[in-house]
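Below: the structure, in structure tokens.
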2 protein chains.
Amino acid sequence: MPTKVFLTEDEMPKQWYNLAADLPTPMLPPLGPDGNPISPDMLAPVFPMNLIEQEVSQERWIKIPEEILELLYRWRPTPLHRAYALEKALGTPARIYYKNESVSPAGSHKGNTAVAQAWYNKQFGIKKLTTETGAGQWGSAISFACALLGLECKVYMVRISFDQKPFRKTMMQTWGAECIPSPSTETNAGRAVLEKDPDTPGSLGIAISEAIEEAVTDETGKTRYSLGSVLNHVMLHQTIIGLEAKKQLEKMGEKKVDVVIGCAGGGSNFAGLSFPFANDKINGADIEIIPVEPASCPTLTKAPFVYDHGDIAKMTPLLPMYSLGHSFVPAPIHAGGLRYHGMSPLVSQAVVEGLMTPLAISQIECYQAAMLFAKTEGIIVAPETSHAVAATIRKAKEAKEEGRQKVIIFNLSGHGLMDLYGYDKFLHGKLGDHKMTKEEVHQATRELKGHPKAEMRKTGKW
Amino acid sequence: MPTKVFLTEDEMPKQWYNLAADLPTPMLPPLGPDGNPISPDMLAPVFPMNLIEQEVSQERWIKIPEEILELLYRWRPTPLHRAYALEKALGTPARIYYKNESVSPAGSHKGNTAVAQAWYNKQFGIKKLTTETGAGQWGSAISFACALLGLECKVYMVRISFDQKPFRKTMMQTWGAECIPSPSTETNAGRAVLEKDPDTPGSLGIAISEAIEEAVTDETGKTRYSLGSVLNHVMLHQTIIGLEAKKQLEKMGEKKVDVVIGCAGGGSNFAGLSFPFANDKINGADIEIIPVEPASCPTLTKAPFVYDHGDIAKMTPLLPMYSLGHSFVPAPIHAGGLRYHGMSPLVSQAVVEGLMTPLAISQIECYQAAMLFAKTEGIIVAPETSHAVAATIRKAKEAKEEGRQKVIIFNLSGHGLMDLYGYDKFLHGKLGDHKMTKEEVHQATRELKGHPKAEMRKTGKW
């Protein structure tokens, strides 16, 4: 049995998979400030129309343009590895696989949607993209994509990460992008936050407000905003991960997968691996699909399913999703990029429908898992990815207790070579931990309760 | 035409290629302190006997043990890419290929020999390896390899790099290794240097002395030293790069290669790609093979071919090689890992024999090349690798002037994500440059002239 399986470029999937077409219940629409569903036109100042069309598409399969395939070929198809050494260390009868998205030039899965979004924007005549980044994976990937396509790029980076990881900025600058800490004094949204709290560590919700504000206030009309997660078209672009993985598992001789795992912040790497398997599950397959989130930001496991904004300044439409509240600022202890208050509406609805069973894991357990993975499989994973590793180890241990040869696959969404700050703290026993309590979640989400659509909250099947 | 070509694990070469078997003139032996050839036994306190046997082997093909193949499968075979975007940016008729060694978990080609050396040491009953590292690529790779094989590891890191890149240390520690700056107070060699020059930036020659000293003074006899370049067995282990590349070029439909390029510090990534092509050249093929070095450390282009030590404290045997002198401390301006005073004896002799035509390039031109590469091909290369990129661009421009469809291949030996310090300086116009003059070389190598074997200096064919 090989250690890993490649595909040729010819074998790479030529279509993306759209889970929206197959969900038992149709997706709820985004709502405007008046509480009514928004029309595609209302999103036009923010996104190019070709991406808006994808955002609302109900087509099951969407063709990947040849030029985007050529951009993806720079590093795709990515390898699927069998984690023999980890299995051995755990003494588990489970067969563990991981899809290695860390081999992309920017080091994570984010490049999959970055090149697609940059390409669609360029097709639409756009010259500049603005965006936000948390830990830096997305900001790096979109800078990379804009370099390849000759677009300008400006990245608002959450201040705590900006300070912790100065070389993320250098990486983006090398690809020609501008990167500034958020909140900044360059936008109304940023200035408003700084006035109230000059020492804020920042948050993705704040950075999104700033990036959108810059895009919609550009008078040339040639600037648009780009989001690296959450939205439907982003999930769509990432499904190439799971589609490749299914082909590769088949080549490995696996006829059935038991457990599919991905870490979930906004949901994109998780969706990318899991949605094609969710399709199988809708069609009757018995698969456990687990999005894993930090216990310090337990969106899927503890927050309500509501209509909420994606950003602090309420510049985004109201999205139907699990949310800790758009003004949520996560505890500054967690170095990873999973600290977003909301969650992809597609992932949220799949959870509501019972297709997926979320799990929250504490930071220390995640780093312990990452250390074991580094010493067995050899890859130093991103702090985000460590959540998927921790869940995989839990499930592999379960399989051992049950004596079952389960097949587990997880998404190795990125490497941690730009994020060693957290490892350094862990190694020196200085990494804090935080588990958000029900009471804290209640406090954070109080305001949301009054919203008329908030009652759709999870009540089993809906 | 595909953008890149993978091989399956089955297609990966199962033997290393030993250029020593094919050189027109037999290799000169290493000499002991008395000026006589040393016997394998004399190296036994430093290296395990199985690697010493490889070091002196004259076999053309050496079988790769199955267990080492399994370790290499963690990331090998590596992809071969066609650099369409770079070609387009240069408007060259040349077809440019690069072998992407950056996809390894430690980020460079160094893992190829690291897992092999760690495995052979473990087979021999060794429990701990000591080594040195310059920019950190080798220290990271050997830490990675020792983690996979359960060996202890201690890395002496050249102080200037240690200070510039604190996260290299974290990376090694994550894999369980110990990493300290060199010169240190832990060895006689280190203390002697610090006494003379407490503010020294350090050098590979100093760090090697320290690592060897620790290995040979360990009373348990279970510690050995490991070198990441220069020696014959290291070149041997790297030849898998070129052997894979040849298969991949064939799959790309290329029948003939015109130019083979690699950056050269100690010589290992260059040898890895080029030696299998050198074999073709010995057998009559018309190939230009170019080792590229920094103008600040012009070993192959300006230094004499002599017998010299590999380290400052003269703990290594005298090796037949181009050398700037074992006490050479390179100008602290250059961030890359190509600042070693010596050069692989195998590469040195291949240059003497006219098989290879070295080139020295200044740092600024290298970073300019790396910036163009990042913006076209998307990969941020290691500062070392930027030398190969710069030479490739020169040759592609030549091909344009000559109107020739040359086939150029270079080794993308590693990514630069852990080495963004240099990019940051370059982006801000703060990167210094230094070109070592003939006079400076003369000064540095004066002592070497007196050596009885130094007269073998390049005089055309010898």
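In this text the structure is predicted, and so the values were computed from the model without any measurement. Letters A, B, ... are given to chains in the order of the sequence lines, protein chains preceding strands, and every chain is numbered from 1.
- In this structure, B:Phe6 and A:Pro79 have side chains that are not in contact, with every pair of non-hydrogen atoms separated by 4.5 Å or more.
- By the neighbour-count criterion of 12 heavy atoms within 6.0 Å, atom CD of A:Glu250 is sparsely surrounded, having that number or fewer from other residues, nucleotides or ligands.
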Applying side-chain contact (heavy atoms from CB on, under 4.5 Å) to A:Met418 and B:Leu420, what does each step give before you reach the verdict?
CA-CA 10 Å; A:Met418 298 298 296; B:Leu420 289 164; 3.5 Å; yes

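- Heavy atoms from other residues, nucleotides or ligands lying under 6.0 Å from NZ of B:Lys128 number more than 12.
- Chain B forms the most heavy-atom pairs under 4.5 Å with one residue out of A:Val103, A:Ile380, A:Asp424, and that residue is A:Ile380.
- The number of heavy atoms from other shown groups lying within 6.0 Å of CD (B:Glu67) is above 12.
- Using a 4.5 Å cut-off between heavy atoms, A:Leu71 does not touch chain B at all.
- Ranked by heavy-atom pairs under 4.5 Å with chain A, the list B:Arg74, B:Met371, B:Glu70 is led by B:Arg74.
- Minimum interatomic distance between B:Pro105 and A:Gly378 (heavy atoms only, all atoms of both residues): CB-O, 3.3 Å.
- A:Phe167 touches chain B through backbone and side chain together, each having a heavy atom under 4.5 Å away.
- In this structure, B:Lys4 contributes its side chain and A:Tyr73 its backbone to a donor-acceptor pair below 3.5 Å.
- Crowding of A:Lys247 atom NZ: a count of heavy atoms from other residues, nucleotides or ligands under 6.0 Å exceeding 12.
- Residues of residues 168-180 of chain A that come within less than 4.5 angstrom of chain B, heavy atom to heavy atom, are A:Thr170, A:Met171, A:Gln173, A:Thr174, A:Trp175, A:Gly176 in numerical order.
- Most heavy-atom pairs under 4.5 Å with chain B, from the set A:His428, A:His415, A:Glu377: that is A:Glu377.
- For chain A, no part of B:Pro166 is nearby; none of its heavy atoms comes within less than 4.5 Å.
- For the atom pair OG (B:Ser143) and NZ (A:Lys375), the distance works out to 11.0 Å, reported to the nearest 0.5 Å.
- For B:Phe144, the part sitting under 4.5 Å from any heavy atom of chain A is the side chain, from C-beta outward, and nothing else.
- Interface residue A:Leu427: only side-chain heavy atoms are found under 4.5 Å from chain B.
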